[in-house]
There are 2 protein chains.
Amino acid sequence: MNTNMATPSAIDRTLSALADPTRRGVVDRLRQRPHPAGELAAAFDMSPPAMSRHLRVLRQTGLVEENVDADDARVRVYRLRPEPFAALRGWLEEVESFWEDQLGAFKAHAERTRGTKPPGGRKS
Amino acid sequence: MNTNMATPSAIDRTLSALADPTRRGVVDRLRQRPHPAGELAAAFDMSPPAMSRHLRVLRQTGLVEENVDADDARVRVYRLRPEPFAALRGWLEEVESFWEDQLGAFKAHAERTRGTKPPGGRKS
DNA sequence: AAAGTCGTTAACGACAGGGTGAATGATTAA
DNA sequence: TTAATCATTCACCCTGTCGTTAACGACTTT
């Protein structure tokens with residue numbers, strides 16, 4: 001049985017979205033400042049349709065938002081949105097709490113059994 | 001031309017590895033405790049070969065490590081490794097610094113344009 | 001020793017995802 | 001108005017990835 005798999009959670013979609021190198025690059029680029037769609041396509045040497053689809057994925061996961069340029073309504077300006085990143089970091093910290101627990105248990109154990117070998121006497 | 005794409009960084013591989021729902025599930029499951037490969041295959045209702053390949057991906061990105069069971073050398077026990085998670089969190093926090101900058105800029109701007117200053121220190 | 005178990009690699013089919021060029025809608029420039 | 005520009009969606013191809021079964025090596029059990 002599977003304890004947890006019906007997790008269509010936002011985390012899953014966020015990770016899928018960020019898994020693609022192009023989209024990862026777009027995020028890294030948007031860290032500097034907002035960019036128009038065409039500028040992003042050019043920056044990644046990619047046809048506008050291809051970039052448009054990537055941006056749609058990022059939009060659907062809430063990683064970016066689209067705004068119409070104030071001076072030229074044809075231009076769509078994209079910028080980062082914080083929520084999915086915060087959620088992903090939350091999951092990460094949750095996972096990392098694993099080692100805090102391990103560490104706590106180890107410390108407690110070490111305190112009880114000073115001078116003995118550390119846990120994990122497995123074959124290497 | 002492409003300004004930034006030669007980022008074969010471990011982050012990319014880590015995200016790709018975590019993008020798959022099965023592998024995400026494996027990680028979530030290993031949070032509880034280490035598991036033998038076969039147990040994981042059963043837990044996800046998947047053939048051993050399929051799970052074996054997922055585990056290989058996770059191994060190659062350093063997300064898990066394999067150990068031979070002390071009592072039965074046929075059994076491979078998998079457990080989480082912290083490094084890739086820490087690296088991913090590092091990248092996330094880097095991305096999130098974006099909004100800190102935004103906030104700082106906003107605060108500074110508000111301080112210049114208005115007589116009242118928001119609470120807290122200022123950026124330099 | 002032979003048989004059974006655990007996990008891997010190998011070979012193959014099926015599907016999703018990402019790329020392109022053409023066509024469409026919306027806006028701006030001549 | 002007509003032409004040009006920005007970005008999208010549409011219709012395809014094509015590579016990569018995920019899943020299966022079969023075969024193999026390693027170890028345990030009887």
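Below, chain A is the first sequence line, B the second, and so on; all start at residue 1.
Between A/Tyr78 and the options A/His35, A/Arg59, A/Glu65, a side-chain contact (heavy atoms from CB on, under 4.5 Å) holds for only A/Arg59. Considering B/His54, B/Arg29, B/Arg23 in turn, B/Arg29 is the only one that fulfils the side-chain contact (heavy atoms from CB on, under 4.5 Å) rule with B/Phe44.
A 4.5 Å side-chain heavy-atom check between B/Leu18 and B/Leu88 finds at least one atom pair inside the cut-off.
Between B/Asp28 and B/Arg24 a salt bridge is recorded (basic side-chain N to carboxylate O distance below 4.0 Å). A salt bridge does not link A/Arg89 to B/Glu93: none of the charged side-chain nitrogens sits closer than 4.0 Å to a carboxylate oxygen.
Nucleic acid contact class of B/Pro36 (heavy atoms, under 4.0 Å, all strands): sugar-phosphate only. Residue contacts shown for B/Ala50 include a base, since a base heavy atom lies under 4.0 Å away. Heavy atoms of B/Glu39 sit nowhere under 4.0 angstrom from any nucleic acid atom. B/Met51 comes within 4.0 angstrom of nothing in the nucleic acid, heavy atoms only.
Rounded to an integer number of Å, the gap from CG of B/Leu58 to P of D/dC18 is 11 Å. When rounded to the nearest whole Å, the span between CG of A/Asp72 and P of D/dT5 equals 12 Å. Atom CZ of A/Arg74 is separated from atom P of D/dA3 by 16 Å (rounded to the nearest Å). With rounding to whole Å, A/His54 atom NE2 is found 15 Å from D/dT9 atom C1'. In this entry the distance linking CZ of A/Arg56 with C1' of D/dC6 reads 17 Å, nearest Å.
Taking for each of B/Val75 and A/Arg53 the nucleotide of DNA chain C with the nearest heavy atom, the 5'-most of the two is the partner of B/Val75. For A/Ser16 and A/Asp71, each mapped to the nucleotide of DNA chain C holding its nearest heavy atom, the one lying further toward the 5' end belongs to A/Ser16.
For A/Arg76, the side chain to side chain donor-acceptor pair (under 3.5 Å) partners at least two apart in sequence or on another chain are A/Glu66.
When all heavy atoms of A/Arg31 and B/Ser97 are compared, the pair lying nearest together is NH2-OG, 4.5 Å.
A close approach under 4.0 Å does not occur between any side-chain nitrogen or oxygen of A/Tyr78 and OP1 or OP2 of D/dC6. Using a 4.0 Å cut-off, some side-chain N or O of B/Arg23 falls inside it from OP1 or OP2 of D/dC18.
Nucleotides of DNA chain C that come within less than 4.0 Å of any heavy atom of chain A span, from the 5' end to the 3' end, C/dG18 to C/dT28.
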